[in-house]
Structure formats: C-alpha cells, structure tokens
Enquirer: 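One structure, pasted below without further comment.
Chain identifiers are assigned alphabetically (A, B, ...) following the order of the sequence lines, protein sequences preceding nucleic acid strands; residue numbering begins at 1 within each chain.
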2 protein chains.
Amino acid sequence: MVFPRGIVSLAVDCVVFGFTGERLRLLLIRRAVAPFAGMWALPGGFVEAGETLRAAAGRELSEESGVALAAVEEIGAFDALDRDPRGRVVSVAFLGLVRPEDCVLASRCDAAEARWFDLDAVPALAFDHGAILRRGRDRLRDALWSGPLGLRLLGDAFTLTDAQRLYETIGGAPLDVRNFRKRLLATGLVVPLAARQRGVAHRAARYYACRPSPSG
Amino acid sequence: MVFPRGIVSLAVDCVVFGFTGERLRLLLIRRAVAPFAGMWALPGGFVEAGETLRAAAGRELSEESGVALAAVEEIGAFDALDRDPRGRVVSVAFLGLVRPEDCVLASRCDAAEARWFDLDAVPALAFDHGAILRRGRDRLRDALWSGPLGLRLLGDAFTLTDAQRLYETIGGAPLDVRNFRKRLLATGLVVPLAARQRGVAHRAARYYACRPSPSG
DNA sequence: TCAAAAGTGTTCTTGATACACCCATGC
DNA sequence: GCATGGGTGTATCAAGAACACTTTTGA
C-alpha cells in the first residue's frame, strides 16, 4: 500500500447498543459503496472541517441509520496503517446507548440498510470494526457501576427488575436480587417514581427513573 | 475563523511525566515557530501518513526533546474547533512516563528548548495543552493502582519507600507505611531483588523491581 | 387457590484502615 | 551511642456476598 504523504483522513465510528429487555443489540448498517460494499459495518464516516468529533458521530449516525443520539463516550482512536484500503484513515470511536424502540431506522447516504443485531449474532464486520466493537463492549462493562451510563439503555421509567436484567446481560453473570437492589439504590443514580405497573398478572412493580445528573 | 472544507489535520501531543524522588515533573518544549512561538507547550506535532499515532508521538517526542519513549497510554482526542489558530487540527494525546535522569534533553526541529518543570510550577501553555495536561494528571491518578503504570516512573531497582513517595505525590495524600507495603506487594506488580542499598547512614533498604508483565 | 414476579434483613466474609515499636547502619 | 530511615502485626470497621420467605395481583 502507498500513503500519500502528509495526508491522514479522520473518521468517526459509533458502537451503538440497545437493550430489548432480554438481549443486548448492536446497530449496524450495510455498506452501499466500496470498500466492503454489501458488508455490515458500524455507522460512521469522515469528519468535516467545521464539526467536532461528537458532532460528526451524531451526524453520521443520523444519516446512515436515522438514529438521533448525542454520542455518549469516546472509546479511543483506531489507527492501524492498513485498516482502510482507501488509504490512511484514523478513526475515533464512540459509544452510544439508546432504546431500540425509540428509534425509527432509516438508511440514507452510503448505507443500504440499517438493522439491529443480537450481540451474540453479529456478522463479520468491515474494516477493523470487530476490534472497535470489542473495545465498546469492554468499556460498557467497565463503566457499568461507575456512572449512569448503562441506565441510558432503559427508558424514562423502569423497574428495578428491568435494570437487573440489563446489568446481568452486560456483566454476563446473574446477580442476587437483594444485593443488586441495595447496591443500585445506594449509588443514588435512580429515584423511585409514584407510578407502578398496571395490569400485570402479579404484584405491580414500582417504577424508577435515572436521577437527573447534578450538573444540570 | 474559516475552515478549508474536507481537511482535518491530525496531530499528537505527549504528556510526559518524570519523578525525581521528591516531585512530579512535566516535560515541556518552548515553541520556536508560530503559532505561540516562544510559549511553552507539550511535545507533539502532526501525524505523517505512514505512521501510527504512537509512532508519531514517539517521533515528535524524540525530535523535540531528545527523550526516547514508547508512548504509554492514549488519553483521548482533543477536538475543539478553535484549538489551533492554523485551522482545523484534532490532536490525540498520549501519556508518557520516564525517569528524568535517564533522559538527555536535546531540542531540535520546531522546539527552541526542552525542559522539565515542577508540576506545580507549570507556565501557561500553548493551544489547549492546559486541558490536555489536566486529563493526563487525572488519568495517571486513576490508573495508579490498576496496573504497573506508575512504577514506570521509578528505575529498574527501587525501594518500597521510593514507591511510596511516588504514590503519595501522585495521589496527593500521605499513606500509611505498613498499609502501603501490604497493598503494593499484594498487587504482585513488584518482586524483591537480592540487592540492598549500600553506604546509607541507616538500615539498608531492599530493592524491588517491577515484575515483568505476564504478556512477555 | 394458584401461578408469577415483587419485595425485603441478617449473617458472614473479606478487604481497607488505624496505629507504635524495634532494627540495621554510618558517623 | 545516636541519629536516620527500614521494616513489621493486630484490632477495628465497612463494603460486598450469601442466603429464603412473604406479598401482591390477575386469571
């Protein structure tokens, strides 16, 4: 491969997770154009001169999949020399967390299709997106208990059982009901709401919400 | 400011810390060329097409200060639109840790001078390097007990008292002697050597070394 | 009255903290 | 023999882990 001297292109890629109540899902787009045309890939693309990396991530995500989301967290730069056959492209990856049911998928631009995949049934990905995905998963796991990050995968109102399913899915291990509740409540990240479940064939669970962050 | 469309330049910057046994020091270069000519700045510069970010960081560091070091850890991308008056430049920052006494400072290229500064006497810095430095400090603090990172600031052989001074300096708080020793030894990151201090006017301390990492 | 999930406290274990004295060496 | 820093153990406290039964609701 030959590198045009003095030119390094900058791109962003988004690892966007969703949670269905049962499983973790990953948002992918099918590439419409070369390279890797027809393959599945993380949403992403080149950064334009007048936008920040987060803005670029949000724009590409929205363009390619219809998902509107401010990128949540930077997970690192990917810079292998041969990661893009077009030449020298460095990509900064972001982690995004949404509820799939809040999203209306729509593909435009260089995406032929946008879809959610079960995280344990992800196809082979274009570029080095497999490695980026792994870093995204790791980051999500590590950040689970150090902030409200994971709770973004739940809606505005959720039961503690919902939250527990989520934490178990991300952590990959079952958790004790009582310890989980004590621990999550002790973080102060969630607050109880007045409302409860209606019309369930068992005792109605109380709803909780993610506490508004202290910084506004 | 006007951005030439479609062009984003990519740079790297290095937050290089050293430890003298007493104080944390930061490696800075004085800029020889515009912008910010004459001001102090973190070593760094533009990435060339055929090199990885780490390689670029190592090269710039060596060119501008004479310090040879494989960059240790990526600490994030800095991408404010107006961070560089020359136009749109995104910089990926790296953390580096060395022993100042192992380094022969030499400035070349666009550095007029390279110097170590006490971390609590750092001058105003060019670009957004003040913010980068803050992130570097935070990262060092956070990573202290989660890996061998901090120990790179010490030599091949060090006493536990040396290590304690270092951890106290980085953490900003005094530590209990016995608890520190237990904790550090329990991490398994250090191994005792046969050698002891010679010629000190008190009981000779045992030397320790950073244990070779399991991955080679 | 049964099925299905919500909800709740206590004991035990483990890791972190607080704390004070004797040891080796050079001068 | 004294000044200087090296080196060690135990009791206490707090956080995390293990563990089983009662409550509510709709069908």
Side-chain angles (χ1 to χ4, degrees), chain A residues 19-23 141-147 150-151 154-155 157-210, chain B residues 19-23 141-147 150-151 154-155 157-210:
Chain A
F19 184 63
T20 60
E22 284 290 324
R23 297 176 167 286
R141 234 196 304 266
D142 294 346
L144 241 202
W145 286 105
S146 21
L151 297 171
L154 300 168
F158 50 86
T159 68
L160 292 184
T161 305
D162 292 338
Q164 184 173 347
R165 297 263 174 288
L166 172 65
Y167 276 63
E168 287 174 333
T169 305
I170 295 174
L175 299 170
D176 176 81
V177 196
R178 288 165 283 190
N179 294 336
F180 175 79
R181 289 170 171 246
K182 264 180 296 187
R183 191 173 171 189
L184 185 60
L185 292 173
T187 63
L189 294 173
V190 299
V191 290
L193 303 176
R196 292 159 185 280
Q197 286 180 326
R198 302 274 310 168
V200 288
H202 54 77
R203 179 170 174 177
R206 156 152 272 148
Y207 283 120
Y208 289 77
C210 191
Chain B
F19 184 63
T20 60
E22 283 292 322
R23 298 178 167 283
R141 234 195 305 266
D142 294 346
L144 242 202
W145 285 106
S146 22
L151 297 172
L154 300 168
F158 50 86
T159 68
L160 293 183
T161 305
D162 292 338
Q164 184 172 346
R165 297 264 173 286
L166 172 65
Y167 276 64
E168 287 175 333
T169 305
I170 295 175
L175 299 169
D176 177 82
V177 196
R178 288 165 284 193
N179 294 336
F180 174 79
R181 290 170 171 245
K182 264 180 297 187
R183 192 172 169 190
L184 185 60
L185 292 173
T187 62
L189 294 173
V190 300
V191 289
L193 303 176
R196 292 159 184 282
Q197 285 180 327
R198 302 274 309 169
V200 288
H202 53 76
R203 177 169 174 177
R206 156 152 272 150
Y207 283 120
Y208 290 77
C210 191

Enquirer: Less than 4.0 angstrom between a side-chain N/O of A:Thr161 and OP1 or OP2 of C:dA5, yes or no?
Expert: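 No, A:Thr161 has no side-chain N/O under 4.0 Å of OP1/OP2 on C:dA5.
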Enquirer: Does any non-hydrogen side-chain atom of B:Val190 lie less than 4.5 Å from one of B:Phe158?
Expert: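 Touching, per the 4.5 Å side-chain cut-off.
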Enquirer: Test of understanding: with ring-ring contact (aromatic ring centres under 6.0 Å, His included), list the residues that count as partners of A:Tyr208, not counting sequence neighbours.
Expert: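 A:Tyr208: no ring-ring contact (aromatic ring centres under 6.0 Å, His included) contacts found.
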Enquirer: Taking the six-membered ring for Trp and the full ring for Phe, Tyr or His, determine whether the centres of B:Phe180 and B:Tyr167 are under 6.0 Å apart.
Expert: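 Centroid distance B:Phe180-B:Tyr167: below 6.0 Å, so yes.
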Enquirer: Of the options C:dT8, C:dG26, D:dT25, whose atoms approach the side-chain atoms of B:Ala201 most closely?
Expert: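 My answer, after comparing the listed nucleotides, is C:dG26.
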Enquirer: Tell me the interatomic distance from A:Arg198, atom CZ, to D:dT24, atom C1', rounded to whole angstroms.
Expert: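 To the nearest whole Å, that distance equals 13 Å.
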Enquirer: How many whole angstroms separate atom NE2 of B:His202 from atom C1' of D:dG1?
Expert: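 Rounding to the nearest Å, NE2 of B:His202 and C1' of D:dG1 are 18 Å apart.
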Enquirer: Measure from the side-chain heavy atoms of A:Asn179 and tell me the nearest of D:dC19, D:dG9, D:dG26.
Expert: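 The closest nucleotide is D:dC19.
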Enquirer: Can you measure B:Tyr207 atom OH to D:dG7 atom C1' for me and round it to whole angstrom units?
Expert: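 Nearest whole value for this atom pair: 16 Å.
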Enquirer: With nearest nucleotide decided by heavy atoms, which residue, B:Ala204 or A:Arg206, maps closer to the 5′ end of DNA chain C?
Expert: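 Nearest nucleotide further toward 5': that of A:Arg206.
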Enquirer: Expressed in angstrom and rounded to an integer, what is the separation of A:Arg178 atom CZ from C:dC12 atom C1'?
Expert: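 Rounded to whole Å, this separation is 14 Å.
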Enquirer: Between C:dT17, D:dG7, C:dA24, which nucleotide gets closest to the side-chain atoms of B:Lys182?
Expert: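 Closest of the options to the side chain of B:Lys182: C:dT17.
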Enquirer: A:Leu175 CG to D:dA18 C1': how many Å, rounded?
Expert: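 Nearest whole value for this atom pair: 13 Å.
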Enquirer: Would you kindly give the CZ-to-C1' distance between B:Arg183 and D:dG9, to the nearest whole Å?
Expert: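 Atom-to-atom, B:Arg183 to D:dG9, this comes out as 19 Å.
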Enquirer: Look at the side chain of B:Gln197 and the backbone N and O of B:Arg206, then say whether any donor-acceptor pair between them is shorter than 3.5 Å.
Expert: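 Answer holds: no.
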Enquirer: Taking atom types as they are modelled, would you say the side chain of A:Arg203 forms a donor-acceptor pair with the base of C:dA3 within the 3.5 Å cutoff?
Expert: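 No.
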Enquirer: Scan residues 162-186 of chain B for pairs that pass salt bridge (Lys or Arg N to Asp or Glu O under 4.0 Å), counting only residues two or more places apart or in two chains.
Expert: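 Passing the test, one end in residues 162-186 of chain B: B:Arg165-B:Glu168.
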Enquirer: Whole angstrom is fine here: how far is it from CG in A:Leu160 over to P in C:dG7?
Expert: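 Rounded to whole Å, this separation is 7 Å.
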Enquirer: Look at the side-chain N and O atoms of B:Arg181 and state whether any lies under 4.0 Å from the OP1 or OP2 oxygen of D:dG7.
Expert: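 Answer yes for this pair, as a side-chain N or O of B:Arg181 is under 4.0 Å from OP1 or OP2.
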Enquirer: Rounded to whole angstrom units, what separation is found between the CG atom of B:Asp162 and the C1' atom of D:dG6?
Expert: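 Nearest whole value for this atom pair: 12 Å.
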